[in-house]
4 protein chains.
Amino acid sequence: MSITGQKIWNPKRATDRRKQVLDAAESCFGMKGFHGASMADISKAAGMSAGHIYNYFASKDEIIAAFVQQNVERVSAIVRDLHQQDDPLQAIYDDLEKSIHEDLQVGYWKLPLEIYAEASRNPKIAALAQAADRHSSNEFLSILKKGRQKRGMQVDELALAGQVEAMIAFFQGLQVRAMLNPQLDEAALVEAMKSAMYVLLFDE
Amino acid sequence: MSITGQKIWNPKRATDRRKQVLDAAESCFGMKGFHGASMADISKAAGMSAGHIYNYFASKDEIIAAFVQQNVERVSAIVRDLHQQDDPLQAIYDDLEKSIHEDLQVGYWKLPLEIYAEASRNPKIAALAQAADRHSSNEFLSILKKGRQKRGMQVDELALAGQVEAMIAFFQGLQVRAMLNPQLDEAALVEAMKSAMYVLLFDE
Amino acid sequence: MSITGQKIWNPKRATDRRKQVLDAAESCFGMKGFHGASMADISKAAGMSAGHIYNYFASKDEIIAAFVQQNVERVSAIVRDLHQQDDPLQAIYDDLEKSIHEDLQVGYWKLPLEIYAEASRNPKIAALAQAADRHSSNEFLSILKKGRQKRGMQVDELALAGQVEAMIAFFQGLQVRAMLNPQLDEAALVEAMKSAMYVLLFDE
Amino acid sequence: MSITGQKIWNPKRATDRRKQVLDAAESCFGMKGFHGASMADISKAAGMSAGHIYNYFASKDEIIAAFVQQNVERVSAIVRDLHQQDDPLQAIYDDLEKSIHEDLQVGYWKLPLEIYAEASRNPKIAALAQAADRHSSNEFLSILKKGRQKRGMQVDELALAGQVEAMIAFFQGLQVRAMLNPQLDEAALVEAMKSAMYVLLFDE
DNA sequence: AATGAATGAGTTTTCATTCAT
DNA sequence: AATGAATGAAAACTCATTCAT
């Protein structure tokens with residue numbers, strides 16, 4: 001429209017605006033849930049008019065989807081970090097206390113619980129969450145496999161797959177525990193988790 | 001008014017109608033979630049006008065609360081059954097395959113996930129869920145304590161509390177796993193769970 | 001239906017039941033207004049099922065109408081009492097303090113105000129209220145006419161009609177004053193009213 | 001956003017829309033009363049969707065309150081005009097015919113009657129109406145006081161307060177008369193009112 | 001690019017009225 | 001005569017989405 005053409009689509013700005021919206025969504029969804037948070041809430045938190053948001057997202061559902069995508073990617077990133085470890089089995093075991101402590105913080109479980117519920121009835125969200133989960137699980141499995149091989153252990157892939165599932169269940173279950181039992185004794189839990197994780201990690 | 005008095009107020013009918021509504025709510029909440037399901041949906045599923053529902057529940061929130069209450073009581077009932085066992089530790093261990101299989105069925109995880117999300121932002125629901133959880137956890141703990149004593153084991157109550165938390169986390173985590181990984185290999189998972197549960201149950 | 005026939009329509013009982021309903025309506029309408037009071041409220045106050053009320057009144061509107069009728073009749077009764085007076089002009093004047101005091105009580109103005117508002121937009125109620133008002137005004141006028149004649153005064157009927165209107169306006173205006181000015185100084189008002197009523201009553 | 005800033009927030013438009021709604025409310029409330037008029041009625045009369053009205057008023061109650069406020073202010077304005085008069089006592093007396101005529105028009109009494117009824121059971125509206133009434137009464141009293149002093153009369157403030165109450169009762173009573181007696185003979189009424197108002201105004 | 005005014009379908013809830021018993 | 005379960009239409013209000021500017 002203008003002679004200099006600076007009004008042409010600017011992908012950098014678009015990315016920034018999407019991030020602005022998703023950050024706002026994070027705070028709104030955390031407080032009110034996906035369905036309790038209104039577009040007006042999000043637009044206010046994003047410092048942007050509700051109408052304008054529709055230039056970057058086709059619908060509220062798409063915001064939810066993008067938000068979920070962003071969140072499941074965080075888990076992938078955590079797993080990816082394990083790749084760097086020399087002895088991942090030991091590293092995971094040694095980090096248990098910290099990992100558990102993190103998992104029990106409200107910032108760590110509130111939105112995941114929201115996502116699980118949404119995924120349990122919204123097929124689009126389910127597909128996203130399942131795909132991300134598959135990817136992370138596979139990566140985790142391959143890390144553990146390499147880790148065991150490095151230690152000279154025989155690797156029964158099927159058994160390992162079961163152990164991976166169980167370990168992830170443990171950590172996702174902790175998110176539920178954090179919500180249901182705010183008085184939970186963390187130290188005692190860490191001790192119990194250590195013994196259970198030990199047999200799962202080292203297959204003993 | 002009648003001599004037999006059965007017309008003065010008929011609690012049976014009220015109970016029936018409430019059950020009718022809660023059954024309808026179960027199916028609607030399962031498909032659309034607490035907030036996605038409308039009173040119109042519920043009334044249609046209950047075969048009753050929306051207005052009439054308000055003769056039995058003061059508000060939609062009260063339906064949700066009653067529904068959640070009903071659901072958390074199912075868990076309590078499961079724990080209560082363990083009281084009957086002669087050697088509960090062994091019984092739990094032996095039943096693992098069946099318990100896990102049950103927990104992975106859609107009917108077992110869909111509504112719990114919904115409840116966890118709702119509880120994470122609705123204080124009334126949180127209070128209900130937490131109270132039920134506290135009760136079940138305590139009962140589970142006392143069952144295990146007695147079980148260990150019967151077996152002549154020393155009981156470290158704090159350690160046991162941590163183990164109880166971990167075991168519950170396991171099973172609640174399975175509900176998340178069931179949703180996120182529909183292709184999950186149950187047999188492998190059972191093997192892994194057995195080894196982890198063994199150390200938690202028998203403290204070895 | 002029964003052999004003895006005691007189930008045949010019993011007009012006495014019907015009258016009783018209607019009174020029961022109208023008494024209940026009085027208390028409900030006073031608290032919540034004609035439209036704020038529900039049939040459920042009235043039925044509870046009447047100690048009778050809502051459904052049953054419809055055996056005695058065809059609709060809620062009919063209850064309102066009957067209630068209004070009953071109320072406007074009270075005013076007629078007050079006027080009728082004046083017929084007994086030997087010197088009605090003096091009697092009215094002497095009773096002013098008491099009449100004003102009564103008119104300022106909440107029980108005397110609350111429902112009239114409700115009725116005026118309803119009549120101002122509901123033609124059926126307007127017709128009732130206007131008919132009763134016409135009747136009372138005429139009777140009041142004829143009482144004053146006789147009163148003046150007895151005192152040997154000339155009676156200008158048109159002037160008297162204007163004075164009657166003004167006097168009634170006075171008293172109905174007091175109902176509004178009572179509502180709008182709860183701190184109203186009654187003694188001062190009585191003095192002022194006395195002087196104004198004097199010229200209206202005695203045409204001086 | 002624009003340099004002149006007129007887009008940042010446009011208070012003119014908001015004021016216009018509120019006026020549009022209040023005008024619509026006036027006609028709807030007049031026809032059906034505060035509770036008989038629905039938001040749908042008002043929105044249709046305002047030429048605006050019902051939902052949109054909530055951008056300008058938080059609730060229907062707030063519309064009623066704003067509407068009542070607007071109406072009671074009209075009375076204040078009438079009293080304020082008297083301040084301009086050189087000899088207010090005489091001015092009021094001379095204007096009686098016109099004032100009475102106005103008071104008897106349907107536009108003058110319909111909504112006041114509605115307001116009186118609403119105020120008689122809605123504390124918020126009662127507070128509004130009473131505050132406005134207090135203000136107008138005080139102003140009216142001070143005008144009369146000055147007027148009497150100008151005429152060299154002694155002013156007994158308590159007596160004057162009673163007379164003020166009586167005069168206002170007169171005019172508010174006329175609103176009821178207009179509704180209850182549509183055939184009212186205005187000329188006769190004016191004559192009667194003149195004699196009564198004379199003694200109240202000039203304290204004779 | 002950005003606004004926010006505006007819509008209309010949808011939400012929960014209330015209530016006069018009917019009717020089987 | 002009497003109940004109260006049941007209905008359905010309407011109420012106030014919310015909100016994702018559109019669009020003129």
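All figures in this text were calculated on a predicted structure; none of them were measured in a lab. By convention in this document, chain letters (A, B, ...) are assigned in the order of the sequence lines, proteins followed by strands, and residues within each chain are numbered from 1.
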**Request:** Calculate the interatomic distance between B:Ile53 atom CD1 and F:dA5 atom P; express it in whole Å.
**Result:** 15 Å
**Complete:** Picking from E:dT7, F:dG8, E:dG4, the nucleotide nearest the side-chain atoms of A:Ser49 would be E:dG4
**Prompt:** Got a sec, which residues hit side-chain hydrogen bond (donor to acceptor under 3.5 Å, both in side chains) with C:Glu62, two or more places apart in sequence or on another chain?
**Reply:** none
**Fill in**
Rounded to the nearest 0.5 Å, the CD1 atom of B:Ile53 sits from the CD1 atom of B:Ile63 at a distance of 5.5 Å
**Interatomic distance, D:Met48 CE vs E:dT7 C1' [rounded to whole Å]** = 12 Å
**Asked** Got a sec, which residues hit side-chain contact (heavy atoms from CB on, under 4.5 Å) with D:Tyr54, two or more places apart in sequence or on another chain?
**Response** D:Met39
**Item:** Per-nucleotide protein contact string for nucleotides 11-17 of chain E (B base, S sugar-phosphate only, - none; heavy atom under 4.0 Å)
**Value:** SSBBBSB
**Results of side-chain contact (heavy atoms from CB on, under 4.5 Å) for A:Ser49 - residues two or more places apart only** = A:His52
**Request:** State which residues pass side-chain hydrogen bond (donor to acceptor under 3.5 Å, both in side chains) with A:Asp61; sequence neighbours excluded, sorted by chain then number.
**Result:** none
**Asked** Atom OH of A:Tyr56 to atom C1' of F:dA16: distance rounded to whole Å?
**Response** 19 Å
**Prompt:** With D:Ala117, which residues qualify under side-chain contact (heavy atoms from CB on, under 4.5 Å), at least two apart?
**Reply:** C:Glu114, C:Ala117, D:Arg121
**Request:** Identify, residue by residue, the members of residues 20-31 of chain D with a heavy atom below 4.0 Å from DNA chain F, and return them in order of residue number, or none.
**Result:** none
**Asked** Should D:Arg13 be listed as having a side-chain N or O under 4.0 Å from OP1 or OP2 of F:dA20?
**Response** no
**Asked** If pairs are Watson-Crick or G-U with both distances under 3.5 Å, what is the dot-bracket string of DNA chain F, marking crossing pairs with [ ] and pairs to another strand with |?
**Response** .||||||||||||||||||||
**Prompt:** Quick one: is F:dA6 close enough that its OP1 or OP2 comes under 4.0 Å of any side-chain N or O from B:Arg17?
**Reply:** yes
**Prompt:** Among all residues two or more places apart in sequence or in another chain, which pass the side-chain contact (heavy atoms from CB on, under 4.5 Å) test with B:Ala132?
**Reply:** B:Val72
**Item:** Main-chain N/O of D:Tyr56 paired to D:Arg18 side chain as donor or acceptor, under 3.5 Å
**Value:** yes
**Request:** Provide, to the nearest angstrom, the distance between the CG atom belonging to D:Asn55 and the C1' atom belonging to F:dA16.
**Result:** 14 Å
Could you pull out all donor-acceptor pairs under 3.5 Å where a side-chain atom in residues 21-37 of chain C meets a protein atom, sequence neighbours excluded?
{"unit_1": "C:Asp23", "atom_1": "OD1", "unit_2": "C:Lys19", "atom_2": "NZ", "d": "3.4"}
{"unit_1": "C:Asp23", "atom_1": "OD2", "unit_2": "C:Lys19", "atom_2": "NZ", "d": "2.8"}
{"unit_1": "C:Glu26", "atom_1": "OE1", "unit_2": "C:Arg74", "atom_2": "NH2", "d": "3.1"}
{"unit_1": "C:Glu26", "atom_1": "OE2", "unit_2": "C:Arg74", "atom_2": "NH1", "d": "3.4"}
{"unit_1": "C:Lys32", "atom_1": "NZ", "unit_2": "C:Asp41", "atom_2": "OD2", "d": "3.2"}

**Item:** d(NZ, B:Lys44; P, E:dG10) in whole Å
**Value:** 11 Å
**Prompt:** Which pairs pass ring-ring contact (aromatic ring centres under 6.0 Å, His included) with one or both residues in residues 111-131 of chain C, sequence neighbours excluded?
**Reply:** none
**Complete:** Sorted by chain and number, sequence neighbours left out, side-chain hydrogen bond (donor to acceptor under 3.5 Å, both in side chains) with B:Gln70 holds for none
**Message:** Whole angstroms only, please: what is the CZ-P distance between C:Arg18 and F:dA1?
**Reply:** 13 Å
